[in-house]
Trainee: 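Have a look at the structure that comes next, please.
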Amino acid sequence: MAAGTPLSYSSVRTYLECPLRWKFLYVDKIPEAPRGYFSFGRTIHSVLEELLLPLVTPSARTTAPGLSQRTLDEWKGSSAPEPAGRLWSVEEMLARYRTLWVPDGYLSGDDEARYRRLGEEMLMGFHASLGKHPPHPVAIEAHLEARWNGIPVHGYIDRIDRTPDGGLEVLDYKTSRELRREDAVESDQLTLYQVLVEKNFPDPVERLTLYHLRTLTPLRTPARPQAALENLHERVGVVSDGIRAQAFEPTPGRQCSRCEFKAQCPEFREVPEPERVRLSELVDRFQALRAREGEVERELRATAEALHAEAERLGVHRVPGQHGVALRRRQEHWTFPPEVVGPLLKAHGLVPASVGADGAALRRLIRDPKVDAELRRRIAEAGGRTLQWYWDLEEA
Ligand code: SF4
């Protein structure tokens with residue numbers, strides 16, 4: 001994929017997770033091994049596309065309800081030949097399902113058979129639901145492209161429905177085991193689809209929906225507000241800029257567990273066999289030093305505390321050893337409660353921000369003879385001082 005090629009939702013997500021993985025997929029075009037659940041999703045989407053496509057008329061993009069789509073009754077009752085179309089019977093739909101079945105990537109014959117049964121149940125449930133909740137699609141499996149503030153984007157949208165108010169509802173089917181309402185609320189995919197639909201259709205997007213096929217549940221949310229669109233646009237911009245700059249650094253994370261490019265990825269490159277012994281010695285030494293580092297730090301702290309206690313008892317700050325002198329140093333920190341000093345400064349026409357919230361600026365003010373003496377006294381009284389002791393060494 002060259003810079004300037006339209007970005008899809010999955011491309012953006014992949015780049016944000018790991019730019020190097022994006023490069024393997026979109027530039028080097030290294031194929032990934034097929035996976036059963038992707039094949040299953042593709043099959044179900046294909047059946048639903050063919051099942052509902054006859055509902056959409058070429059004039060579907062107009063807002064007039066009579067023109068926007070056929071009614072389900074017209075669709076069901078029609079015995080006319082195509083293109084009027086009619087609703088498939090369950091048997092016809094299942095026959096098509098068997099034809100469209102993508103058999104790739106299943107773990108075993110049993111695994112595939114389980115998915116086949118699941119798909120049948122899903123589709124039969126969906127078919128039955130059409131009578132109860134007739135859809136009003138204006139587009140099915142629509143490929144939309146747009147320039148989003150200069151960035152080319154695109155997406156395949158499962159379904160766009162007309163709402164009762166004349167607006168649009170953007171739907172994405174999900175075959176996953178579970179789906180929560182928050183998934184619809186937080187879905188960047190739906191946000192991008194809203195942008196694509198708004199830039200390609202004259203009517204407003206009213207609702208965004210993830211349709212959970214296992215439970216036949218539409219998880220609906222209102223269209224995203226401007227702030228959410230801007231937030232996603234910023235991230236899409238990061239991706240677009242990164243691709244243009246050919247920034248393809250590996251970014252290891254949780255996604256590595258399902259990444260198939262570990263063999264090509266420098267993050268997972270193995271140390272060559274002849275170097276292993278030598279490098280493992282270095283690693284062991286580093287580890288041993290690390291362990292001692294902590295031990296030495298603890299001992300250093302305990303010795304400094306013991307020295308401090310003795311110096312306090314004797315009232316001294318210089319303690320000679322055989323090879324050098326330990327010097328006790330002091331560091332002080334001042335804090336001024338803003339609820340006390342703020343009103344005091346304001347009353348004297350000094351804006352707190354101009355003095356600075358830090359103790360150093362207020363201490364300069366306390367020492368400044370040009371500032372009102374009473375104000376300086378009151379601020380000094382409000383301040384609290386903490387002392388920290390530390391030890392320095394002077395070589396003998
Ligand atoms: S293994 Fe991890 S770091 Fe390497 S390309 Fe894959 S996702 Fe990126």
Side-chain angles (χ1 to χ4, degrees), residues 1-42 45 102-108 111 115 148 151-156 172-180 182-193 195-196 210 228 231-280 282-284 286-287 290:
M1 182 186 278
T5 309
L7 293 171
S8 67
Y9 158 71
S10 58
S11 157
V12 168
R13 194 189 59 184
T14 303
Y15 186 93
L16 290 175
E17 277 182 355
C18 176
L20 183 60
R21 182 172 149 70
W22 186 94
K23 177 177 174 286
F24 288 145
L25 278 171
Y26 293 94
V27 180
D28 305 338
K29 299 193 189 303
I30 305 175
E32 288 188 290
R35 294 188 190 175
Y37 53 84
F38 286 143
S39 300
F40 177 68
R42 267 171 52 207
H45 276 70
V102 181
D104 307 329
Y106 292 97
L107 299 175
S108 62
D111 185 42
Y115 269 103
W148 189 13
I151 303 173
V153 286
H154 80 128
Y156 289 88
D172 190 69
Y173 298 126
K174 294 290 178 206
T175 54
S176 50
R177 198 181 298 274
E178 279 177 16
L179 204 63
R180 305 160 308 148
E182 299 84 71
D183 294 324
V185 173
E186 294 161 8
S187 165
D188 284 339
Q189 185 180 19
L190 287 178
T191 310
L192 182 64
Y193 288 178
V195 172
L196 285 164
L210 290 184
N231 179 299
L232 180 61
H233 183 266
E234 204 168 300
R235 282 176 288 144
V236 173
V238 167
V239 174
S240 168
D241 293 347
I243 293 169
R244 200 172 317 113
Q246 306 212 352
F248 299 128
E249 289 302 311
T251 310
R254 273 193 320 194
Q255 72 280 3
C256 296
S257 61
R258 56 184 162 75
C259 177
E260 291 181 12
F261 305 125
K262 291 193 193 72
Q264 293 94 330
C265 175
E267 284 289 333
F268 287 85
R269 194 169 292 150
E270 297 273 347
V271 175
E273 194 61 44
E275 308 285 352
R276 282 206 186 160
V277 174
R278 194 173 57 84
L279 286 188
S280 89
L282 269 181
V283 172
D284 294 345
F286 180 74
Q287 196 173 11
R290 261 285 161 82

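Just so we're clear, the structure is a prediction, and the values are computed from it rather than from any experiment. If you read the sequence from its start, that first residue is 1, and numbering goes on from there. Order of appearance sets the numbers: ligands from 1, and atoms from 1 within every ligand.
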Trainee: To which protein heavy atom is atom 6 (Fe) of ligand 1 closest, and what is the distance rounded to 0.1 Å?
Mentor: C259 SG, 2.4 Å
Trainee: Using heavy-atom distances, let me know which of C265, A263, S257, C18 sits nearest atom 4 (Fe) of ligand 1.
Mentor: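 Answer by nearest heavy atom: C265.
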Trainee: So, 4.0 Å and heavy atoms of F268: is ligand 1 close enough to count as a contact?
Mentor: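 Yes, F268 has heavy atoms under 4.0 Å from ligand 1.
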Trainee: Do K23 and Q246 make a side-chain contact, defined as non-hydrogen atoms from C-beta onward lying under 4.5 Å apart?
Mentor: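 The answer is no; the side chains never approach within 4.5 Å.
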Trainee: Does C256 bring an N, O or S atom to within less than 2.8 Å of atom 2 (Fe) of ligand 1?
Mentor: yes
Trainee: So which of E249, E260, E32 actually passes salt bridge (Lys or Arg N to Asp or Glu O under 4.0 Å) with R21?
Mentor: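 For R21, the salt bridge (Lys or Arg N to Asp or Glu O under 4.0 Å) check succeeds only for E32.
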Trainee: I'd like to check L20 versus P266 (side-chain heavy atoms, cut-off strictly below 4.5 Å). Are they in contact?
Mentor: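 Touching, per the 4.5 Å side-chain cut-off.
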Trainee: Suppose I only count heavy atoms of P252 and a 4.0 Å limit; which atoms of ligand 1 are within that range?
Mentor: 3 (S)
Trainee: What are the atoms of ligand 1, with element, lying closer than 4.0 Å to any heavy atom of Q255?
Mentor: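 Matching atoms, with element in brackets: 7 (S).
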Trainee: Please report the closest heavy-atom contact between Y9 and L192, naming both atoms and the distance.
Mentor: N-CD2, 3.6 Å
Trainee: More than 12 foreign heavy atoms under 6.0 Å from CD of Q287: is that the case here?
Mentor: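 12 or below, so no.
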